[in-house]
Number of protein chains: 2
Amino acid sequence: MRDALPQGTYKVQALDRAFAVLDLLGESETPLGLAQVAASLQLHKSTAHRFLMVLERHRMVERTANGKFRLGLRLFDFGNRAIEQYDLRDRAQPHLRRLVTETEETAHLALLEAARVIYIDKIEPTRSVRMITRIGASNPVHCTSVGKAILAFLPPERAADIIRRIRFERMTSRTIATAEALRVELDKTRRRGYAVDDEELEEGLRCIAVPVLDAQRLPVAAVSVSGPSFRVTAQKLPAIANHLLQCVRGISVDMGYVPSGRAARTVVNA
Amino acid sequence: MRDALPQGTYKVQALDRAFAVLDLLGESETPLGLAQVAASLQLHKSTAHRFLMVLERHRMVERTANGKFRLGLRLFDFGNRAIEQYDLRDRAQPHLRRLVTETEETAHLALLEAARVIYIDKIEPTRSVRMITRIGASNPVHCTSVGKAILAFLPPERAADIIRRIRFERMTSRTIATAEALRVELDKTRRRGYAVDDEELEEGLRCIAVPVLDAQRLPVAAVSVSGPSFRVTAQKLPAIANHLLQCVRGISVDMGYVPSGRAARTVVNA
DNA sequence: CTCTAGCTTCTCATATGATGGGACGCGGGT
DNA sequence: ACCCGCGTCCCATCATATGAGAAGCTAGAG
């Protein structure tokens, strides 16, 4: 947030500050008082106060009984409007549920935005340990199965474009660290028809994903199944992949994407 | 938006404008171009442009392929953080689902904020006509069953406080139009144990709701069942109410609210 | 009960930072 | 070819946000 802007970027100080406030409140587990907000953001009490009042007027923040601030429900409203267009989410949900009962592991639905993937839905099996991800949160493409699934099936130029923008942060010892390694991995992904994240984002977590293709056979999203490595073993991958392929095929049909079509289809067995 | 501010309100022009932009994009069904945004809000192209660029940097808006603007997924992220604290929603969902299969009508979960109710979840029966409500949207308290359900069980002073702030907009011919009429209605609600909205928000739509009570027996939310008046008939109300009461009791238990307790409990038969 | 500390709320003169006029360039339609 | 609408960009002007500081609150300690 406080770091230098890329270059000739447009700036509106007030907006940057306001969003910094929202960010801060969003990160914080507990509501914050005016003084804490002002201190954390290096704003004057006076300034922070004015911002918070305006944000409150817009219901972007609200005050708890003891006068502290937290995010307001207006944001919830906006958030829902924002995904509305992607009604993908609603349509996909039943399929995800089925997928979860079949695999007994957590399923995610994710979109690509810039060089990150954004989780727009998550279904957890009843008995599982709760996963850490939060709907709406994002991760870098290069270390997630969903990211690789989408990237692998994007037109080469678009994929290259995105890869160029990746910063290749290292998340675990297995995280893919170079563009070249990523390209190799994407080739493998294309060949086998599904993407795998083998503890590349988080130790002990293995995920597998396939893209959801639209009528033009372009990936618009991806569905993944994630679980602890000891349960999601290498041998189980092909079986899970088949469930996944069935699932995304169902989603595509529901979205009105070519129910016929060939390509990225069923059956994996290597 | 453009109307005069109540009184000695705090103002940050840039913020008000930015939110106006978001509002506009949120209302609009389709993405808007710079010129349209500028025109609708009476901003100069130049100004609108700067705002949109900054908003885009923050991922609050995004551009479609043809360069038009729409709400960005960052809002989705914020929205999810905003409701996170109310994990009520997650816990309530299974109960709402059961409620929907039992009643075959749409169920809503709503919170009270100021003098409005905000829908934080909605489950629809598979075969039903889609209802118009959107999760995250809000309605005035006085013309919704959820609003009345919460209001009726709030401590008298708090309720009076809220009633004072209601503007009593008329939505249909049956909308409650005065504070006095509302108080009478709330009495009825308390006596029968559930609230009814008989086409007061929308012609042809009948809803029935009961509050979700916390450990202090204070309403924190309400659950409603809504459907076309011809299906949700007067005779069916008590039966539906019983399903509702069972449902909220389940929610309360899951939230860790007194599983014992007495009060607002089962069985209605008038 | 009073005093103090830490917090929030409010006011106002100042200069910083947003503003909008306008120029430019692109693309699509006639 | 030309025009028109739209998005992008620059920069001098002044309206706007800014922050120092004073005044209010509230709660807890003495």
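Chain letters run A, B, ... following the sequence lines, proteins first, then strands; residues in each count from 1.
Interatomic distance, CD of A/E185 versus CD1 of A/I176, reported as 4.5 Å (0.5 Å rounding). To the nearest 0.5 Å, atom CG of residue A/L73 and atom CD1 of residue B/I120 are 8.0 Å apart.
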Atom pairs, protein N/O to nucleotides 22-26 of chain D N/O, distance under 3.5 Å:
none

Distances under 3.5 Å between protein N/O atoms and the N/O atoms of nucleotides 11-18 of chain D, please, pair by pair.
{"unit_1": "D/dT16", "atom_1": "OP1", "unit_2": "B/Q13", "atom_2": "NE2", "d": "3.1"}
{"unit_1": "D/dA17", "atom_1": "OP1", "unit_2": "B/Q13", "atom_2": "N", "d": "2.3"}
{"unit_1": "D/dA17", "atom_1": "OP1", "unit_2": "B/A14", "atom_2": "N", "d": "3.3"}
{"unit_1": "D/dT18", "atom_1": "OP1", "unit_2": "A/Q13", "atom_2": "OE1", "d": "3.0"}
{"unit_1": "D/dT18", "atom_1": "OP1", "unit_2": "A/R17", "atom_2": "NH1", "d": "2.9"}
{"unit_1": "D/dT18", "atom_1": "OP2", "unit_2": "A/R50", "atom_2": "NH1", "d": "3.0"}

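Between A/F168 and A/H142, the closest side-chain pair of non-hydrogen atoms falls below 4.5 Å. By the 4.5 Å heavy-atom criterion applied to side chains, A/R134 and B/D77 are counted as neighbours.
Salt bridge B/R164/B/D161: present, at least one basic N to carboxylate O contact under 4.0 Å. Ion pairing of B/E62 with B/R74 is absent here, as no side-chain N (NZ or NE/NH1/NH2) approaches a carboxylate O to less than 4.0 Å. Under 4.0 Å is where a charged nitrogen must lie from a carboxylate oxygen, and between B/R183 and B/D187 no such pair does.
Residues from residues 24-37 of chain B that place a heavy atom under 4.0 Å from any atom of DNA chain D, listed by number: B/G33, B/L34, B/A35.
Test B/T144, B/L109, B/L111, B/I135 against B/Y119 for side chain to side chain contact (heavy atoms under 4.5 Å, CB included) and you get one pass: B/T144.
Other residues, nucleotides and ligands place more than 12 heavy atoms under 6.0 Å from the CD atom of A/E157. Within 6.0 Å of CZ on A/R165 lie more than 12 heavy atoms contributed by other residues, nucleotides or ligands.
Look at CD on A/E56: it is 13 Å from C1' on C/dT8, rounded to the nearest Å. To the nearest angstrom, C1' of C/dG6 lies 15 Å from CG of A/N66. Rounded to whole Å, the distance from CE on A/M53 to C1' on C/dT11 is 15 Å. In this structure, CG of B/L43 is placed 16 Å from C1' of D/dG7, rounded to the nearest angstrom.
In this pair, B/F19 and A/F19 present their aromatic rings perpendicular. The plane angle is above 60°, beyond the 30 to 60° band.
Contact annotation: B/H49 side-chain N/O to D/dT8 OP1/OP2 distance is under 4.0 Å. Contact annotation: B/Y10 does not reach the phosphate of C/dT9 (side-chain N/O to OP1 or OP2, under 4.0 Å).
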